Amino acid sequence: MPSDGRWLSKVRGRAGRALVEASGGAQLVVIAAHHNAAEMLPGSAGRTLIGHAHCPVAVVPAAKG
């Protein structure tokens, strides 16, 4: 794990399910949202995570660029 507390892992399978499983050992999961001028929307994996996570989920704007 990097010294700043980030945790990175590569998994196989459906992204939403993998994120939900990983949330079981987390204090917080942060995901980026797709966004337009009207609203910020998580993708399908993010929506699965939000509905089934074992910890809080923060949805933040995707980086521009």
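Just so it is clear, the model here is predicted, and its values are computed rather than measured.
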Measuring only between side-chain heavy atoms, which start at C-beta, is S23 closer than 4.5 Å to V57? no

Would you please name every residue forming a side-chain contact (heavy atoms from CB on, under 4.5 Å) with [X], sequence neighbours left out?
X   : value
V60 : V30
A18 : V11
R17 : R14, V20, T48, H52
A45 : A15, L19

Of all heavy-atom pairs linking C55 and V29, the shortest is SG-CG2, 3.7 Å

